[in-house]
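Read through the structure below, which is laid out as C-alpha cells, and then see the notes.
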Amino acid sequence: MEKACGRTGEKAVSGRVYLVGAGCAGRELLTVRALELLHSCDTVVYDALIDPELLIEAPQAEKLPVGKRAGRHSEPQESINALLVKKALEGKTVVRLKGGDPFVFGRGGEEALVLAEHDIPYETVPGISSAIAAAELAGIPVTHRNTARSFHVITAHTSDAEQDFAKFASLDGTLVFLMGLAHIAELAKALVSGGMSADTPAAVVSRAGRSDMRTVRGNLSDIAVKCSSAAVEAPAVIIVGQTAALELLYRDQLPLSGVSVSVSGSERFLARLSDKLSSQGAAVRTAVRLSARTIEGKRIDSLLKNIGEYSWLAFTSVNGVEIFFEKAAEAELDLRSLYGVKLAAVGKETAKALRAHGLIPELTAGGSSDSLGKLLAQEVTAEERVMLLRASNGTTEITEQLSSAGIGFDDVAIYDTAVRFVGSADGCEYIVFSSPSGVECYFNNAELSRNTAAVCIGDVTAEAFRRRSDNRYITAKECSAEGIVNAILEDLK
Ligand code: SAH
C-alpha cells in the first residue's frame, strides 16, 4: 500500500492522534484523560453524536465536525481518515472525539489501522459506552444476578436490510441493540418469530444522559407502537430481556426535579451555578459561556505597584478577584502594601472570593455594579481614591455613580471576556442571563421560545433582555448562584 509522504526512514511526523471516547452524555461522563486532552489539543475532529457542551472544553483548538449535520450526510469514512492523517502530518495533536467508546461501533478500529499504516502515533482513550450507560441511566442493569448472566451488544444498522434478527432470540441474557430505532418493529417481530416470548420486557432509552432523555418501556409486542406514538428520537438504544423491566432508580423528588434550566455566564460562575441547580434536581444546559482572559500591560503593572496609594479597591466579580491575585503574585506584589486599603465587592460570592484570600471587604453590595456605585458614593470621602478592578467591557453604571458623586477613581480593566454561544435554550423552562453581553450573544445566535422565562442578574441585564425579547423574566435579588436558584424556586411557588 502506498504510504503518505514524509516516510523516508526517519520519522517526519510530529503530530499525534488520540481516539477519544466522549461518553454518552455531557462532561460528567468524560474520563479525566479525555478532559486533559481536550484542554491541550490543537484540533478536535468530532461526530454529531457528541454533546456540543464538550467542545467548550477545548477553546484553544480548531474544531472540525465530520458527523451528520442537519440535512447533510456525514463525511465518508475515507475522508475522515484522510483528515486525521493530514492534521497529524501537519504536526497537530488531534483529538478524534467519538460518542461513547471509540471501539464500540464507532469505526475507531478502522481509524487506528489507517493511522498505523501512515506510521502516525496514536493512542485510544476508552469512553463510557451507551451500550451499558444508556440502560444504566434508565435504571436498567445489563446483567443481574439470576436474571441476566450476559449481555450482547448488537448493531441493528446493517448494510443487509434483511438481517436476520431472529437468530439473536436464542441468546441468553440481555440484548442491547444500537442504531436500531428505525428498525424496531421488524426487530421485535423477528425476535418473537425466533422464539422469544412476546411479553419479554423491552425498553428504549433515547438521548441518554441529556436533559431531554426519555425511556419507553414495554414488551416485544408493544414497544414499537409505544415508541412511535411517543415520537421517540435517535440516538436510542433498545434493551430486550428480563432486566429491561427493572427500574433501579431512587427518584428523590427535589424542588427542581423536571425543570430544565439553560445557563449563561463566566466559567467560574457556571460551575457554581450548575452545581447548585443540579443539586436541587434541575437539568442544566449551557447557552452562552464567557471566558475571562487576563489583560497584560505596563499601565496595569504600574498601577498595581502603586496600589497602596488608593483608599479603596472595588471588585465586581469573582473573576476580577482571582485575576487580581494572579497578577499580584506575578508582579510580586507584597500583600502588606494593601494595609489600610479598604475593599468593596459586588455580591456575596465576590466577597467570599476576597475572604478566601484572607481579606474581609468593608462593603458588599447586594445586587449589581449599580448598587455598589451607590454604596461607594455614600461611603467614600472626597480625599479618597477608588481603584475599580474589573472587565474591560464593564457596564457604565458604577463609573457614572462615582463621577456624579465627585469621587476620584481609576477604572482598571484587568481582564476581558470572550463570549461564546454554546446552544439554544429550546425546551427549557428558564434561561439565566448574568450580563448584557450574554443576552446579546444569545439572541444573535438563537431564538427563545415563548415558554422560556429569563432569570436576569440585576436590572442592567434585565434591561438588555427587555430590549431583545417580550418573554416573561424575573430578576434575581441577589447576584450569586444561590440568588438565582432562590429566584427560580420563588417563581415556581
Ligand atoms: N461508540 C458509541 C456507539 C456509536 S453507534 C458508544 O459506545 O456509545 C451510535 C449508536 O449509539 C446510536 O444509534 C445509539 O444506538 C447509541 N447511542 C449513542 N449515544 C447515545 C445516547 N446518548 N443515548 C442513547 N443511545 C445512544
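One-based numbering, in listed order, for ligands and for the atoms of each.
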For [atom], what's the nearest protein heavy-atom neighbour? Residue, atom name and distance, please.
atom: atom 6 (C) of ligand 1; result: Gly100 CA, 3.3 Å
atom: atom 2 (C) of ligand 1; result: Gly99 O, 3.1 Å
atom: atom 3 (C) of ligand 1; result: Val104 O, 3.4 Å
atom: atom 24 (C) of ligand 1; result: Pro235 O, 3.4 Å
atom: atom 23 (N) of ligand 1; result: Ala208 N, 2.9 Å
atom: atom 8 (O) of ligand 1; result: Ser130 OG, 2.7 Å
atom: atom 10 (C) of ligand 1; result: Met179 CG, 3.7 Å

- Task: Determine whether more than 12 heavy atoms belonging to other residues, nucleotides or ligands lie under 6.0 Å from atom CZ of Arg272.
- Result: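 Buried by this count: over 12 neighbours within 6.0 Å.
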- Task: Would you check the N or O atoms of Cys24, main chain and side chain alike, for any that come under 3.5 Å of an N or O of ligand 1?
- Result: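 Between Cys24 and ligand 1, an N or O pair is found under 3.5 Å apart.
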Side chain, backbone, both or neither: which applies to [X] and ligand 1 if a contact is any heavy-atom pair less than 4.0 Å apart?
X: Ala236; result: backbone
X: Leu49; result: side chain
X: Arg207; result: backbone

- At a 4.0 Å threshold, what atoms of ligand 1 neighbour a non-hydrogen atom of Ser129?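 Once the distances to Ser129 are compared, the set is 6 (C), 7 (O), 8 (O).
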- Subset of ligand 1 atoms that lie under 4.0 Å from at least one heavy atom of Val205: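 Those atoms are 24 (C).
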- Please work out which of the three classes, parallel, tilted or perpendicular, describes the rings of His183 and Phe165, given edges at 30° and 60°.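 Correct class here is tilted.
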- Message: Is the ring pair Phe433/Tyr442 parallel, tilted or perpendicular, if the boundaries are 30 and 60 degrees?
- Response: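 Phe433 vs Tyr442 ring planes: perpendicular.
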Indicate yes or no for a side-chain donor-acceptor contact from [X] to the backbone of [Y] under 3.5 Å, with no hydrogens or angles considered.
X: Glu267; Y: Leu290; answer: no
X: Arg285; Y: Val261; answer: no
X: Ser480; Y: Gly483; answer: yes

- Message: Closer than 4.0 angstrom, basic N to acidic O: yes or no for Glu62 and Lys87?
- Response: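 So Glu62 pairs with Lys87 through a salt bridge.
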- For Val263 against Leu273, the heavy-atom pair lying closest together: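 Where Val263 meets Leu273 most closely, the heavy atoms are CG1-CD2, 3.6 Å.
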- Message: What I'd like to find out is whether the side chain of Val114 reaches to under 4.5 Å of the side chain of Val85, using heavy atoms alone.
- Response: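 Touching, per the 4.5 Å side-chain cut-off.
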